[in-house]
Amino acid sequence: MLGSKFMFATGIENSYPNIMLPDGTIKRVDEMEKTGHYTHWEKDFELVKEMGIEFLRYGPPYYKTHLAPGKYDWGFTDVTFNRLKEMGITPLVDLCHFGLPDWLGDFQNPEFPEYFAEYASAFATRFPDLQFYTPVNEIFITAMFSAQYGWWNERLSSDWAFVTALKNLSKANVMAMHAILKVQPDATFIQSESTEYFHAIEPKALPLARFLNQKRFLSLDLTYGYPINVTMYEYLLENGMTKSEYHWFAQNQVKAKCVMGNDYYVTNEHLVHPDGSTQASGEIFGYYVLTNQYYQRYKLPIMHTETNIRMPACKEWLLKQWANLHRLKQDGVPIIGFTWYSLLHQVDWDSALRSDAGNINELGLYDLDRKIMPVGEAYKHLIKEWKDILLEESYGLLFHH
């Protein structure tokens, strides 16, 4: 059971995709390295405590931990996760964040799901008391950026490559959930997926916008075994998914506790042009409307798993996200948590990690010198003001599903 405690969270950004540098060499972009977390991890955990936060989206660097089939290096993972336990911080374990170990290649590799499930099982066996997991972070974005836009990892851009990445990522996600449940039957899975919406800029763009507004659901449809419509089914089959691969998802659906974690950024809504191009539209509908669409589809408890915006707009954005979330909660949507992502400023996200420029993006609750930001003060205050009220609000409304 997910207790009645509302989960105020933050995260330590741990992306590690491979990118190609202008000179043609491949580089692993490790955000935990860029932000100095490997050096300052103890301090970083203290900052989480200082905020009054009890839940942390956090995971080991997969590429450095899973060395080969059945072979692991738990050095960093042991010290960090044991420290979190001592400090009473509950991790929402983030097992795969935008990249794979070199020996697994990339998301086109059909063997990835099975090896990833083995890793998830080994992790859960090592930390049997952990309950909250995000096996694969943002499947839709991972597949889009790696296999449709050609930015990361395999750097492909075709529908075929996208569907291949999508099915491998979704299958890895489901197999990991089954593997974890064997070890920890009480595990709760908090999918972290970006909520998207595509607005047609004129009537000629409507058919494409409709198509994209179906496509955005694919990762969760597969993960949750949700019956997809004919257009999407044909799209998957035309791009290399077999019928039996599709049916596998319905047959292996995880009936256990799933929470739909959804992420909302100012970049999540898009304008669609008749020529097929899209661009960021900024916030048109906002978190309330988009999350409601996802909730109506899947009817699962919800957690806001990521949001941020650049300074100096952070404080207003935090209050706006919170107002949207609280309204949803009052309107009867079972919302269990909220996350400002991330604890620290990030590096090079202005280019979606594609340029290795070392640009500091002012998005964190703290800067890279570990000094608190105005949004850090605001979030700390918000948590203090709301945490007891939310307990009263949810009194007697524990949802069982």
Side-chain angles (χ1 to χ4, degrees), residues 1-9 11 55 57 90 92-95 120 131-141 166 169-178 180-181 184-197 213-229 232 249-264 268 285-307 321 324-339 341 390 393-394 397-401:
M1 189 58 228
L2 284 166
S4 54
K5 184 187 285 184
F6 187 85
M7 296 162 73
F8 283 106
F55 298 90
R57 289 198 58 202
T90 304
L92 315 180
V93 185
D94 187 354
L95 288 178
Q131 186 191 350
F132 300 103
Y133 284 90
T134 301
V136 182
N137 171 69
E138 289 196 341
I139 293 173
F140 181 76
I141 296 295
L166 178 82
L169 283 154
S170 303
K171 188 175 185 185
N173 193 37
V174 172
M175 286 179 72
M177 293 196 278
H178 284 292
I180 291 164
L181 284 169
Q184 166 55 290
D186 292 330
T188 298
F189 301 106
I190 302 176
Q191 247 53 62
S192 177
E193 196 56 270
S194 86
T195 41
E196 305 275 327
Y197 193 83
N213 280 326
Q214 290 301 318
K215 184 181 175 183
R216 65 182 168 146
F217 289 127
L218 281 175
S219 55
L220 292 172
D221 286 350
L222 293 175
T223 291
Y224 298 141
Y226 184 90
I228 59 179
N229 69 18
M232 283 299 113
F249 286 99
Q251 289 150 11
N252 289 276
Q253 203 188 331
V254 173
K255 302 283 195 296
K257 288 176 292 208
C258 283
V259 170
M260 189 187 61
N262 58 7
D263 305 344
Y264 184 78
N268 285 37
F285 285 169
Y287 182 79
Y288 182 100
V289 173
L290 261 57
T291 300
N292 216 12
Q293 290 178 353
Y294 281 72
Y295 177 68
Q296 294 310 327
R297 190 175 185 92
Y298 303 113
K299 293 291 198 290
L300 287 166
I302 294 209
M303 175 165 182
H304 193 335
T305 35
E306 282 184 27
T307 195
Q321 293 299 305
N324 272 265
L325 176 129
H326 192 240
R327 186 67 254 169
L328 271 171
K329 195 170 183 302
Q330 287 171 302
D331 290 347
V333 174
I335 298 234
I336 66 154
F338 176 77
T339 315
Y341 201 83
L390 291 169
E393 276 187 6
S394 64
L397 287 180
L398 290 185
F399 41 89
H400 298 273
H401 54 95

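It should be emphasised that the depicted structure is a prediction, and the values quoted were computed from it without experimental measurement.
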List the atom of [X], the atom of [Y], and the distance in Å for their closest heavy-atom pair.
X      : Y      : answer
Phe140 : Arg216 : CE1-CA, 3.7 Å
Pro135 : Phe189 : CG-CD2, 4.0 Å
Arg327 : Tyr288 : CG-CE1, 3.6 Å
Gln131 : Asp186 : CG-O, 3.4 Å
Leu325 : Gly337 : CD1-O, 3.7 Å
Phe55  : Lys5   : CE1-CD, 4.0 Å

Beyond-backbone contact of [X] with [Y], side-chain heavy atoms, under 4.5 angstrom:
X      : Y      : answer
Leu218 : Leu166 : yes
Glu196 : Ile141 : yes
Asn213 : Gln293 : no
Lys329 : Ile302 : no
Thr90  : Phe132 : yes
Asn324 : Tyr264 : no

First locate atom [atom1] of [X], then atom [atom2] of [Y], and finally report the distance between them rounded to the nearest 0.5 Å.
X      : Y      : atom1 : atom2 : result
Gln191 : Thr223 : CD    : OG1   : 5.5 Å
Leu222 : Asn252 : CG    : CG    : 12.0 Å
Ile139 : Asn173 : CD1   : CG    : 4.0 Å
Tyr133 : Ile190 : OH    : CD1   : 12.0 Å
Ser192 : Met260 : OG    : CE    : 11.0 Å
Thr188 : Met177 : OG1   : CE    : 11.5 Å

Does [X] have any side chain to side chain donor-acceptor pair (under 3.5 Å) partners at least two apart in sequence or in another chain, and if so, which?
X      : value
Thr134 : none
Thr339 : none
Tyr295 : none
Asn268 : none

List the residues meeting ring-ring contact (aromatic ring centres under 6.0 Å, His included) with [X], not counting sequence neighbours, and say none if there are none.
X      : answer
Tyr197 : His199, Phe285
Tyr341 : none
Phe338 : His304, Trp322, Tyr379
Tyr224 : Tyr298

TODO: Output all residues satisfying salt bridge (Lys or Arg N to Asp or Glu O under 4.0 Å) with Glu138, sequence neighbours left out; order by chain, then residue number.
DONE: none
- [ ] Using the side-chain contact (heavy atoms from CB on, under 4.5 Å) rule, take Asn137 and Glu306 through it: C-alpha gap first, then chi angles, then the decisive distance, then the call.
- [x] CA-CA 11 Å; Asn137 171 69; Glu306 282 184 27; 3.7 Å; yes
Task: Side chains of Asn262 and Thr291, donor plus acceptor under 3.5 Å - done: yes
Open item on the list: Is a donor from one side chain sitting under 3.5 angstrom from an acceptor on the other, for Asp263 and Ser194?
Closed with: no
- [ ] Mind jotting down which residue pairs meet the salt bridge (charged side-chain N to carboxylate O under 4.0 Å, His left out) criterion with at least one end in residues 288-302? Sequence neighbours excluded, please.
- [x] Asp221-Arg297
Task: Centroid-centroid distance, Phe217 to Tyr294, less than 6.0 Å - done: yes
